[in-house]
Amino acid sequence: GDGHLGVRAVYNSLSGKLTATEPITVAINGQVQPATITHSLTAQFPMVALEPYYAFDLGGFRIMLGGSAGMLMTPTFQQSETTDVGTYTPGRATRNDTSGNIPQAGKLRFGIIAGAQYPLPLNASGTLHLTPEIYYDYGLTPMVSGLTWTVSALRAGASIGYTPIHIFVPPPPPPNGLHDALDPGV
């Protein structure tokens, strides 16, 4: 069918984990040996957003293109450094283990979305449907002031929808006398 405009209200956690390894040399009991430090950073950017979109059907799929405008709610982080050999302090292979709110986190996030859905009818009239979907949300705005750190997301899921069927009932014909007065050929 023809395309249509719509808007979705969404919640998205926008969370992710970054890790990097650093090879080092350590001395344990006077013995020099190689070791690796793993730096870990986990960030969460919970967001509520509105996603205006344009959708059109293509071979049974519904293709959706649009934007995302969201408000970030208390972005947080957790970071640590872990060694694979020895310990930093007696009994502890982890240091710089800290967490909290992300300083200077942005308040708003904007993005571009593109995705596809495949509606599957759940009843004979086609009013109830299950719709698997996949989207890519390309982040446009920095997540932290002063940094170029943007977050993009690949999202997959399913929704259940209800679409009422509208039955067009034509108006009744005008009374005969009125019809004859309007149609001089009678």
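Heavy-atom basis, side chains included; hydrogens, waters and symmetry copies ignored.
The distance from the CZ atom of Phe77 to the CG atom of Leu41 is 8.0 Å, given to the nearest 0.5 Å. Here CD of Gln44 is found 7.5 Å from CD1 of Ile102. Values are rounded to the nearest 0.5 Å. Atoms CG and NZ, from Leu72 and Lys107 in turn, are 8.5 Å apart once rounded to the nearest 0.5 Å. Here the straight-line distance linking atom CE of Met64 with atom NE2 of His4 works out to 6.0 Å at 0.5 Å rounding.
Here the side chains of Thr74 and Asn101 are in contact, with some heavy-atom distance below 4.5 Å.
Contact record, Pro46 with Pro75: CD-CA, 4.3 Å, taken as the closest heavy-atom pair. Across all non-hydrogen atoms, the minimal contact from Ser80 to Thr94 is CB-CG2, 3.8 Å. The two residues Ile113 and Ser68 have their closest heavy-atom pair at CG2-CB, 4.2 Å. Closest of all the heavy-atom pairs between Ala35 and Val85 is CB-CB, 3.9 Å.
Listed by first and then second residue, the side-chain hydrogen bond (donor to acceptor under 3.5 Å, both in side chains) pairs that reach into residues 10-37 are Glu22-His39, sequence neighbours excluded.
Following chains of ILVMFWY side-chain contacts shorter than 4.5 Å, one can reach Ile63 starting from Leu5, so the two form part of one hydrophobic cluster. Ile37 and Leu18 are not part of a single hydrophobic cluster, where members link through side-chain heavy atoms under 4.5 Å apart. Residues Leu14 and Leu147 are members of one and the same hydrophobic cluster, defined by side-chain heavy-atom contacts under 4.5 angstrom among Ile, Leu, Val, Met, Phe, Trp and Tyr.
Applying the salt bridge (charged side-chain N to carboxylate O under 4.0 Å, His left out) test to Arg95 and every residue at least two apart in sequence or in another chain returns Glu81.
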For residues 116-141, tabulate all N or O donor-acceptor pairs below 3.5 Å that involve a side-chain atom, not counting sequence neighbours.
from, atom 1, to, atom 2, distance (Å)
Gln117, OE1, Arg62, NH1, 3.2
Gln117, NE2, Glu133, OE1, 2.9
Gln117, NE2, Tyr135, OH, 3.2
Asn123, OD1, Gly126, N, 3.0
Asn123, OD1, Thr127, N, 3.1
Asn123, OD1, Leu128, N, 3.3
Asn123, ND2, Thr127, OG1, 2.9
Ser125, OG, Thr127, OG1, 3.2
Glu133, OE1, Arg8, NH1, 3.4
Glu133, OE2, Arg8, NH2, 3.0
Tyr135, OH, Arg8, NH1, 3.0
Asp137, OD1, Arg109, NH1, 3.3
Asp137, OD1, Arg109, NH2, 3.1
Asp137, OD2, Arg109, NH1, 3.3
Thr141, OG1, Phe110, N, 3.0

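The neighbour count for Met71 CE, taken as heavy atoms of other residues, nucleotides or ligands under 6.0 Å away, does not exceed 12.
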*Worked check of side-chain contact (heavy atoms from CB on, under 4.5 Å) between Met73 and Val48*: CA-CA 8 Å; Met73 306 176 318; Val48 292; 3.9 Å; yes
*Might you work through the side-chain hydrogen bond (donor to acceptor under 3.5 Å, both in side chains) test for Asp97 and Gln79, ending with a clear yes or no?*
CA-CA 6 Å; Asp97 190 7; Gln79 74 174 22; over 6 Å; no
